[in-house]
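In what follows, a single structure is set out as structure tokens and then discussed.
Order of the sequence lines sets the chain letters (A, B, ...), proteins ahead of strands, with each chain counted from 1. Since this is a predicted model, take the numbers as computed values, not measurements.
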Amino acid sequence: MPTLRFYNTLTNWKEDFHPLIPGEVRMYTCGPTVHDFAHIGNFRAYLFEDLLRRTLKYLGFRVIQVMNLTDVDDKTIRKSQAKSMTLRDYTAIYKEAFFQDLDALRIERAEVYPAATDHVPEMVELIRRLVEKGHTYEADGSIYFRISSFPEYGKLSNIRADELRAGVRVDADEYEKEDVRDFALWKAWTPEDGEVYWETALGKGRPGWHIECSAMAARYLGTHFDIHTGGVDNIFPHHENEIAQSVCGFGTKFANYWLHNAHLVVNGEKMSKSLGNFYTLRDVTSAGFSPRVVRYFLLSAHYRQPLNLVYDPRAGVTESLDAARSALGRLDEFRVKLTELGRRSAAGDLQSREVSDLLDKAEEALVAALANDLDVSGALGAVFTLVKEGNRLLASGEMTPTDAVAVNDKLQRWDRVLGVVEPEAETGVDAERIEALIRERNEARQAKNFARADEIRQQLLREGIVLQDSPTGTRWKKE
RNA sequence: GGCGGCGUAGCCAAGUGGCCUAAGGCGAAGGUCUGCAAAACCUUUAUUCACCGGUUCAAAUCCGGUCGCCGCCUCCA
């Protein structure tokens with residue numbers, strides 16, 4: 001097995017990975033704030049984390065992943081109030097939608113999805129520890145973390161107090177903070193919070209945003225664990241603050257490796273509602289692209305590289321997703337041929353030397369790429385090199401039925417880490433009727449009645465069914 | 001202004017000291033095959049890695065500088 005290496009934001013270096021407990025990886029991944037549908041840029045982050053956990057498992061590690069659900073913050077409170085709903089009812093809608101999207105995108109479930117509102121006692125306990133150790137101060141009933149009490153503050157992001165851009169707004173209602181980087185651990189209740197509050201030892205109020213991750217990570221992973229991930233935008237202040245809270249509160253180290261994914265950009269611009277280039281998974285699937293195509297696209301570039309989605313459906317521009325769909329189509333065609341040939345294999349048949357060498361080399365290339373800081377482009381390169389070589393052997397007749405089974409098995413095995421090989425289940429298609437029409441067409445072709453044959457081809461084409469004749473029979477697929 | 005990332009073919013995108021006269025995908029051109037149509041296969045599509053210096057026997061890869069792009073700088077993955 002090649003050495004597994006990750007780029008660690010903490011050290012700005014690609015490092016060899018060594019988990020705290022051999023063979024086991026504990027990771028915390030920042031999850032969604034459930035006040036709206038997640039957009040496909042958000043899913044790039046969750047897909048990166050999915051690739052990370054699948055890669056670790058593929059390489060033989062046991063993985064314990066925790067992803068938080070942030071179901072209380074200013075925005076969420078405001079939006080639920082606007083709908084006259086309780087916080088719980090309101091966030092339930094988006095929690096459900098989030099899990100539907102995860103399933104559609106074939107994102108493996110984490111081991112635990114703790115919701116912030118279910119862990120207030122743990123947060124209160126951590127804040128209490130921070131108060132005891134003198135890392136906090138109180139102002140108007142709210143409790144703030146005092147940055148100056150933690151000399152290591154800024155190590156992750158390399159941001160120093162004197163480097164913060166001068167003149168940038170300091171929220172008017174936070175004038176009482178001693179340092180602009182100080183942040184709220186506990187927010188005292190205000191009338192705008194309405195029904196949203198907890199009566200605790202700290203008073204009536206609600207937790208600050210950062211504290212949930214420190215508290216829930218400790219609860220499910222321990223205070224010192226292996227990997228923490230999130231989008232680059234979280235480096236400062238969120239992750240910096242998590243480190244401060246956890247290290248000061250628990251007195252242990254926090255995460256050993258920090259991995260951050262770059263953003264998805266759309267036509268070279270940041271995705272935002274105001275620019276009108278803001279897309280949810282629902283938007284893209286209703287434009288005719290399957291979640292599998294979206295998964296392939298979002299996964300295809302290295303996670304630390306900004307990924308550009310060339311997409312403007314109103315102008316008919318769908319380049320990126322078209323390319324992804326074509327590439328998957330090529331893979332699907334290959335697998336159909338392998339399956340057809342594989343059916344003729346018999347027990348005791350030998351695999352050819354050439355194919356087994358090809359598979360060994362491909363496996364080596366795939367694993368080496370993934371172990372190198374999740375170089376998924378390199379891994380897909382290995383997949384398509386196998387497709388290309390395999391097609392060559394198929395065309396020249398050098399591939400035996402047993403070889404075909406072996407190649408197909410290999411692709412299926414790889415799908416455990418890639419999650420893009422299996423085609424989407426066809427829905428709304430009457431396969432028996434189509435096959436009956438294909439039989440009729442082939443009889444017509446035998447009888448040289450090509451007019452009838454073409455008629456059937458056209459009829460099916462109107463339904464979006466494409467026929468492909470081959471020496472071994474006629475295949476069909478939905479376009 | 002500070003911090004971080006990045007600039008590789010028409011487009012997307014790997015490769016971070018020698019196997020690179022640079023993977024893979026999309027697109028394009030020619031050919032083989034084919035009742036039609038497609039797929040597949042073969043060939044072609046970067047002697048070059050933003051630019052300029054330097055280190056080295058050897059650089060897309062390391063160092064310095066220049067130009068350009070993106071992100072973060074208080075709650076956005």
Inset, instruction - Establish, for the pair A:Arg330 and A:Phe384, whether the NZ or CZ atom is under 6.0 angstrom from the six-membered ring centre and no further than 45 degrees off its axis. - result: no

Legend entry - A:Asp101 (side chain) donor-acceptor with A:Phe98 (main chain) under 3.5 angstrom: no

Legend entry - A:Gln65 side chain to A:Thr29 side chain, donor-acceptor N/O pair below 3.5 angstrom: yes

Inset, instruction - Could you summarise the pairing of RNA chain B as dot-bracket text, marking Watson-Crick and G-U pairs under 3.5 Å with ( ) or [ ] inside the strand and | across strands? - result: (((((((..(((.....[.....)))((((((.......))))))....(((((..]....))))))))))))....

Legend entry - For atom NE2 of A:His239 and atom P of B:rA77, their distance in whole Å: 10 Å

Inset, instruction - Tell me yes or no: between the side chains of A:Ser352 and A:Glu398, is some donor less than 3.5 Å from an acceptor? - result: no

Please tabulate, for the side chains in residues 456-465 of chain A, all donor-acceptor contacts under 3.5 angstrom to protein atoms that are two or more places apart in sequence or on a different chain.
from: A:Arg457; atom 1: NH1; to: A:Leu467; atom 2: O; distance (Å): 3.2
from: A:Glu463; atom 1: OE1; to: A:Arg433; atom 2: NH2; distance (Å): 3.1
from: A:Glu463; atom 1: OE2; to: A:Arg433; atom 2: NH2; distance (Å): 2.7

Legend entry - Aromatic plane relationship, A:Trp258 with A:His228 - under 30° parallel, 30 to 60° tilted, over 60° perpendicular: parallel

Inset, instruction - Determine the interatomic distance between P on B:rC72 and the same-named atom on B:rC51; round to the nearest Å. - result: 29 Å

Legend entry - Residue mapping more 5' on RNA chain B - nearest nucleotide basis, A:Pro32 or A:Tyr296: A:Tyr296

Legend entry - Between B:rC75 (C1') and A:Trp186 (CH2): distance, integer Å: 17 Å

Inset, instruction - Could you tell me the separation between the CG atom of A:Leu309 and the C1' atom of B:rA77, rounded to a whole number of Å? - result: 15 Å

Inset, instruction - State whether a side-chain donor-acceptor pair under 3.5 Å links A:Asp73 with A:Thr33. - result: no

Inset, instruction - Take atom C1' in B:rC49 and the same atom in B:rC62, then report the distance between them in whole Å. - result: 16 Å

Inset, instruction - Identify which nucleotide among B:rG71, B:rC26, B:rC76 has an atom closest to any side-chain atom of A:Ala327, counting heavy atoms from C-beta outward. - result: B:rC26

Inset, instruction - For B:rG5, take OP1 and OP2 only and decide whether either is under 4.0 Å from a side-chain N or O of A:Tyr7. - result: yes

Legend entry - Protein-nucleotide distance (A:Phe236, atom CZ; B:rG71, atom C1'), rounded to Å: 15 Å

Legend entry - Sequence-aligned protein contact record of nucleotides 31-45 of chain B, with B where the base is within under 4.0 Å of a protein heavy atom and S where only the sugar-phosphate is: ----BBBBSSSS---

Inset, instruction - Answer yes or no: are there more than 12 heavy-atom neighbours, outside A:Lys14 itself, under 6.0 Å from its atom NZ? - result: yes

Inset, instruction - Only counting residues at least two apart or in another chain, list the ones meeting ring pair (Phe, Tyr, Trp, His ring centres under 6.0 Å) with A:Phe450. - result: none

Legend entry - Any A:Tyr311 side-chain heavy atom under 4.5 Å of A:Ser320 side chain: no

Inset, instruction - Check every strand shown and say whether A:Gly230 touches a base, only sugar-phosphate, or nothing at a heavy-atom separation below 4.0 Å. - result: sugar-phosphate

Legend entry - Interatomic distance, A:Trp258 CH2 vs B:rG5 P [rounded to whole Å]: 17 Å

Inset, instruction - Determine the interatomic distance between P on B:rG1 and the same-named atom on B:rG54; round to the nearest Å. - result: 29 Å

Legend entry - C1' gap between B:rC3 and B:rA46, integer Å: 34 Å

Legend entry - Nearest-Å distance once atom P is located in both B:rG71 and B:rA29: 36 Å

Legend entry - Whole angstrom value for the distance that separates C1' of B:rC76 from CZ of A:Phe43: 15 Å

Legend entry - Rounded C1' spacing from B:rC20 to B:rA60 in Å: 9 Å

Legend entry - Spacing between A:Leu264 atom CG and B:rC70 atom C1', to the nearest angstrom: 13 Å

Inset, instruction - Taking the six-membered ring for Trp and the single ring otherwise, decide whether the centroids of A:Tyr144 and A:Phe183 are under 6.0 Å apart. - result: no

Inset, instruction - Take atom P in B:rG2 and the same atom in B:rU61, then report the distance between them in whole Å. - result: 25 Å

Inset, instruction - Taking atom P in both B:rA39 and B:rC76, compute the distance separating them and give it to the nearest angstrom. - result: 46 Å

Inset, instruction - Could you check whether A:His238 gets within reach of a base, just the sugar-phosphate, or nothing at all, counting any heavy atom under 4.0 Å? - result: nothing

Legend entry - Partner residues of A:His263 under the ring pair (Phe, Tyr, Trp, His ring centres under 6.0 Å) criterion, sequence neighbours left out: none

Legend entry - Residue met sooner reading RNA chain B from 5', once A:Asn261 and A:Phe183 are mapped to nucleotides: A:Phe183

Legend entry - Aromatic ring pairing A:Phe17/A:Phe6, orientation class (parallel under 30°, perpendicular over 60°, tilted between): perpendicular

Legend entry - B:rA77 OP1/OP2 closer than 4.0 Å to side-chain N/O of A:Asn42: yes

Inset, instruction - Could you state the atom-to-atom distance from CG of A:Asp36 to P of B:rC76 in whole Å? - result: 12 Å

Legend entry - Sugar-phosphate only, base, or nothing, as touched by A:Lys448 at under 4.0 Å among non-hydrogen atoms: nothing

Inset, instruction - Starting at the 5' end of nucleotides 6-22 of chain B, put B wherever the base has a protein heavy atom under 4.0 Å, S where only the sugar-phosphate does, and a dash everywhere else. - result: S----S-SSS-------

